[in-house]
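Here, residue 1 is the first one in the sequence, and each next residue gets the next number.
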Amino acid sequence: MRLTPDRGGPRVNEGIDIPNIQLIDAGGTNLGVVATAEALRRAVEAGLDLVEIAPNSEPPVCKILDYGKYKYQAQKKAAEARKKQRTVEIKEIKMRPNIDSHDYEVKMRSIRRFFEEGDKVKVTLRFRGREMAHQELGAQLLDRVKQDTLPIAKVESEPRLEGRQMVMILAPR
């Protein structure tokens with residue numbers, strides 16, 4: 001059985017060009033340092049493949065196993081790892097400096113929900129017209145948001161003015 005390794009995959013059968021290897025048989029028993037030709041003969045007798053498991057050790061460790069099954073298991077493991085991965089999104093909440101208390105509570109509920117989902121929140125406070133003269137009201141509002149979310153979030157970027165809006169980013173704890 002002649003198999004060539006995938007690009008970036010382990011070396012298999014005749015692809016192993018080192019004179020001696022550390023051999024592990026199909027049952028998982030360590031057979032010690034063996035000549036590569038002898039290990040290959042044993043793999044062929046067992047109807048399996050000789051696969052290099054740890055190429056960086058001295059001597060390299062090879063195992064007798066079914067390479068197709070090994071590749072399939074590795075693919076399944078990689079797919080499982082990808083499935084469990086989660087990207088952190090940045091959700092944006094927009095407010096105005098003179099927001100009503102009920103509207104504020106609704107926005108806070110949304111912020112809490114975003115934190116429970118593991119997302120970051122960008123709180124944007126937009127100033128219009130004469131509101132630019134009262135930026136301290138905006139700073140007070142963002143401080144209030146910061147205090148209300150203190151137990152569940154940490155401030156990733158402090159409130160800063162960007163043109164006509166004040167921005168603060170919060171991340172879940």
Show your reasoning for whether side-chain contact (heavy atoms from CB on, under 4.5 Å) applies to Y67 and L48. CA-CA 8 Å; Y67 184 62; L48 298 170; over 6 Å; no
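- Here CG of D25 is found 4.5 Å from CG of L31. Values are rounded to the nearest 0.5 Å.
- What you find for E136 and A133 is that their closest heavy atoms are OE1-O, 4.0 Å.
- At least one side-chain heavy atom of N13 sits less than 4.5 Å from a side-chain heavy atom of L40.
- Here the straight-line distance linking atom CG of N20 with atom CD of E38 works out to 11.5 Å at 0.5 Å rounding.
- We find the CD1-CZ distance between I99 and R144 to be 8.5 Å, quoted to the nearest 0.5 Å.
- Proximity of V33 to I21: side-chain heavy atoms (C-beta onward) are nowhere separated by under 4.5 Å.
- The line from CD of Q140 to CG of L125 is 11.0 Å long, rounded to the nearest 0.5 Å.
- Contact check for P97 versus Q135: no side-chain heavy atoms found under the 4.5 Å cut-off.
- Ion pairing between a basic and an acidic side chain is recognised when a charged N comes within 4.0 Å of a carboxylate O; R42 and E45 show no such pairing.
- A 4.5 Å side-chain heavy-atom check between D66 and Y72 finds every atom pair outside the cut-off.
- Between I64 and D49 there is no side-chain heavy-atom pair separated by less than 4.5 Å.
- Inspection of the T124 and E92 side chains reveals an N or O donor paired with an N or O acceptor under 3.5 Å.
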Just list the side-chain donor-acceptor pairs under 3.5 Å for residues 106-114, sequence neighbours left out, or say none.
residue : atom : partner : partner atom : Å
K107    : NZ   : K94     : O            : 2.9
S110    : OG   : V106    : O            : 3.4

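- Under the 4.5 Å side-chain contact rule for hydrophobic residues, L142 and I152 share a cluster.
- For the pair L50/L23, a side-chain contact is recorded, criterion being any heavy-atom separation below 4.5 Å from C-beta on.
- The cationic group of R96 does not satisfy the cation-pi geometry with F127, failing either the under 6.0 Å distance to the six-membered ring centre or the 45° limit from the ring axis.
- Under a hydrophobic-cluster definition in which Ile, Leu, Val, Met, Phe, Trp and Tyr are linked whenever side-chain heavy atoms come within less than 4.5 Å, directly or via other members, I93 and L170 are assigned to the same cluster.
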Check the pair M168 / K122 against side-chain contact (heavy atoms from CB on, under 4.5 Å), numbers first and verdict last. CA-CA 6 Å; M168 171 174 71; K122 177 180 180 180; over 6 Å; no
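- Applying the 6.0 Å contact sphere to CZ of R173 captures more than 12 heavy atoms from other residues, nucleotides or ligands.
- The two residues F115 and A171 make their nearest non-hydrogen contact at CE2-C, 3.9 Å.
- Salt bridge status for K120 with E156: present, with a side-chain N to carboxylate O gap under 4.0 Å.
- With values rounded to the nearest 0.5 angstrom, L141 atom CG is found 12.0 Å from K146 atom NZ.
- Both V121 and Y104 are members of a single hydrophobic cluster when ILVMFWY side chains are connected at heavy-atom separations under 4.5 Å.
- The side-chain heavy atoms of R126 and M95, taken from C-beta on, include no pair separated by under 4.5 Å.
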What pairs of donor and acceptor atoms, side-chain ones from residues 76-84 against any protein atom, are under 3.5 angstrom apart with sequence neighbours left out?
none

As a quick check of understanding, evaluate side-chain contact (heavy atoms from CB on, under 4.5 Å) for V167 and V123, giving each step before the final call. CA-CA 6 Å; V167 179; V123 183; over 6 Å; no
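- Taking 4.5 Å as the limit, some side-chain heavy atom of I18 sits within range of a side-chain heavy atom of E52.
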Extract all donor-acceptor atom pairs below 3.5 Å that involve side chains of residues 55-63 and protein atoms in other chains or at least two apart in sequence.
residue : atom : partner : partner atom : Å
S57     : OG   : A54     : O            : 3.1
S57     : OG   : P59     : O            : 3.1

Where do I53 and Y70 land on the side-chain contact (heavy atoms from CB on, under 4.5 Å) test, with the steps shown first? CA-CA 11 Å; I53 302 296; Y70 173 77; 4.2 Å; yes
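- No salt bridge links E131 with R164; every basic N to acidic carboxylate O contact stays at or beyond 4.0 Å.
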